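Presented below is the structure to which this report refers.
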Amino acid sequence: MKTVSELAKELNINRTTLHRLIQRNNIETLQEGNKRLIDTRAEQAILRAFSRKMLQGETLQSNNKSLQQCNVAQTEQLASKDKIIDSLQAQLTDKENQISLLQSQLDSLKVQLTDRDKTVERLEQDKAKLNDRLDKAETNISNLTTALTAAQALHGMDKQQAVIEVNEQPVENQEMTQPEPEQKKRSLFSRIFKR
């Protein structure tokens, strides 16, 4: 028979731990004064319980190591995913900046296009005005050509009339009826418009 202190030294645990092990596993011990004695049957029951506890502890340690390894792997995966997310967010920010720049360029081009449309419209209006003025000028030229033709015809008729009159008058009268030099110098237009 052994005391609790002796068995605790053998198992390399403290007495409190051994007392808890005995109570949890309902192992019977003998009380002799202040000392608790453990017989061989109780000692073997304690050793079995201690072995189970050790196995559970080793299993727990093994499980803890596995969990720690899993946690490390998951932490690394999360860090990797965080880096990817940060990279994607940076790319997204760059794309948003590019979109903003392109939008401002598009707005500028729209303004330029509107200005050009106004310029084209103004030029078309100017062209229409010039075409109207050209049509009026052509009409005036046509009218002037008609008037000039009529004036030439009248002038020709005047000359023929003068020739006829000269031929009919005696030679003496011809010298008198000849027009004065100033009249010959009158232009065709002055004769047409009689100025």
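No experiment lies behind these values; they were computed from the predicted model shown.
- Across Gln152, Met157, Lys159, a single residue satisfies side-chain contact (heavy atoms from CB on, under 4.5 Å) together with His155, and that is Lys159.
- The backbone N or O of Glu76 lies less than 3.5 Å from no partner atom in the side chain of Ser80, so there is not a single donor-acceptor pair.
- At least one side-chain heavy atom of Thr119 sits under 4.5 Å from a side-chain heavy atom of Leu123.
- Using modelled atom types, one finds no donor on one side chain facing an acceptor on the other under 3.5 Å when comparing Ser100 with Asn97.
- For the side-chain contact (heavy atoms from CB on, under 4.5 Å) test with Val111, the passing option among Leu109, Asp107, Thr114, Asp115 is Asp115; the others fail.
- Within 6.0 Å of CD on Gln31 lie more than 12 heavy atoms contributed by other residues, nucleotides or ligands.
- We find the NZ-CG distance between Lys110 and Leu113 to be 10.0 Å, quoted to the nearest 0.5 Å.
- Considering only heavy atoms from C-beta on, Thr17 comes within 4.5 Å of Asn14 through its side chain.
- The distance from atom CZ of Arg24 to atom NE2 of His19, rounded to the nearest 0.5 Å, is 13.5 Å.
- In this structure the side chain of Asn71 reaches within 4.5 angstrom of the side chain of Gln74, judged on heavy atoms.
- Residues Thr29 and Ile22 meet the side-chain proximity criterion, which asks for heavy atoms closer than 4.5 Å.
- With rounding to the nearest 0.5 Å, the separation of CG in Leu148 from CG in Asn143 is 12.5 Å.
- Within the 3.5 Å criterion, the main-chain N or O of Gln89 finds a donor-acceptor partner in the side chain of Thr93.
- Here the closest non-hydrogen pair linking Ser5 and Arg15 is OG-CD, 3.0 Å.
- Scanning all heavy atoms of the two residues, the minimum distance from Ser104 to Leu101 falls at OG-O, 2.7 Å.
- Atom OG1 of Thr3 sits about 8.5 Å away from atom NZ of Lys9, to the nearest 0.5 Å.
- Heavy atoms from other residues, nucleotides or ligands lying under 6.0 Å from CD of Gln105 number more than 12.
- With rounding to the nearest 0.5 Å, the separation of NZ in Lys95 from CG in Leu88 is 11.5 Å.
- The distance from atom NZ of Lys2 to atom OG1 of Thr40, rounded to the nearest 0.5 Å, is 9.5 Å.
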